[in-house]
Amino acid sequence: MDDDDDDIPQLSSHTLAALQEFYLEQQQREGMKTSQGFNQYSIGSIEEDWQLSQFWYSDETASCLANEAVVAAGKGGRIACVSAPSVYQKLKEQDGKDFSACILEYDKRFSVYGEEFIFYDYNHPLNLPENLLPHSFDIVIADPPYLSEECLQKTAETIKYLTKGKILLCTGAIMEEQAAKHLGVKICKFIPKHSRNLANEFRCYVNYASGLD
């Protein structure tokens, strides 16, 4: 029995402490939802799923990107959020403003947002509902889930299908060359931040005169 026990992998004290901290934060968030009233559009209302490469923006970044999208879309504009749910959530917090938004997302937990949720798998970039007409959005904001040229290239097909012209891309700094190649976008001065620090430097890219510089 002792030999068998030796083969069981043991978590380091550092890993155990990190896990305990994560679960404590999760319990605290759940408690806040119950005590303060649940807002389904607030960032964190749906937990990050690291297996799906989900990392939510900080509240400040999500607000900045949402406000930029509203200005870029113009009065009565249509905004598509491709794999960028925290920006969509910030847009919905501005309910009543003169614009509309939808969310294209692989994670079906976001189907709680009803008709504005569109299931999206970047592996099938043009497998979209018939009522999602080409070039029907004033701006598309996208955050491809993986830092690979394949993922960016396929997501770019979706972006170019949806947008009338304006593109706001959020991805790693290492993707600058590929972003220019596939979408004709340039890096902005604005530095987006996440609620949890990422190992990779993250940047925003646009193909129009934005307020992010």
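Worth knowing before you read on, the calculation uses all heavy atoms, side chains too, and leaves out hydrogens, waters and symmetry mates.
In this structure, the separation between CD on Q89 and CD on Q94 is 13.0 Å, given to the nearest 0.5 Å. The CD1 atom of I118 sits 4.0 Å away from the SG atom of C102 when rounded to the nearest 0.5 Å. If you take CG on N131 and CD on E115, they are separated by 9.0 Å, rounding to the nearest 0.5 Å. Of the inter-residue distances, the one linking L152 atom CG with T171 atom OG1 reads 6.5 Å to the nearest 0.5 angstrom. Atom-to-atom distance recorded for N127:CG and F119:CZ is 8.5 Å, nearest 0.5 angstrom. Taking NZ from K181 and CD from E176, the interatomic distance works out to 14.5 Å, rounded to the nearest 0.5 Å.
Linking Ile, Leu, Val, Met, Phe, Trp and Tyr residues whenever their side-chain heavy atoms come within less than 4.5 Å places Y146 and L169 in a single cluster. Neither I191 nor M175 shares a network with the other; the hydrophobic side chains, linked directly or stepwise wherever heavy atoms of I, L, V, M, F, W or Y lie under 4.5 Å apart, form separate groups for each. When hydrophobic clusters are built by joining Ile, Leu, Val, Met, Phe, Trp and Tyr residues whose side-chain heavy atoms come closer than 4.5 Å, directly or via intermediates, V140 is not grouped with L133.
Tested against D138 for a side chain to side chain donor-acceptor pair (under 3.5 Å), the candidates K164, K75, K166 yield a single pass: K164.
Residues C170 and F202 form a side-chain contact, since some pair of their non-hydrogen atoms from C-beta on lies under 4.5 Å apart. Side-chain contact between L162 and V82 is present, with heavy atoms from C-beta onward closer than 4.5 Å. For the pair Y113/P85, no side-chain contact is recorded, criterion being any heavy-atom separation below 4.5 Å from C-beta on. Counting heavy atoms from C-beta outward, L168 and L212 have side chains that approach closer than 4.5 Å. Side chains of K90 and L65 form no contact here, defined as non-hydrogen atoms less than 4.5 Å apart. Within the 4.5 Å cutoff, no side-chain heavy atoms of Y120 are placed close to those of I103.
Residues A69 and I139 share a closest heavy-atom pair of O-CG2, 3.7 Å.
The backbone N or O of I159 sits nowhere less than 3.5 Å from a side-chain atom of T163 that would complete a donor-acceptor pair. Between the D213 side chain and the K189 main chain, a donor and an acceptor come within less than 3.5 Å of each other.
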Run Y88 and F110 through ring pair (Phe, Tyr, Trp, His ring centres under 6.0 Å) and show every step you take. CA-CA 10 Å; Y88 171 80; F110 290 97; 8.2 Å; no
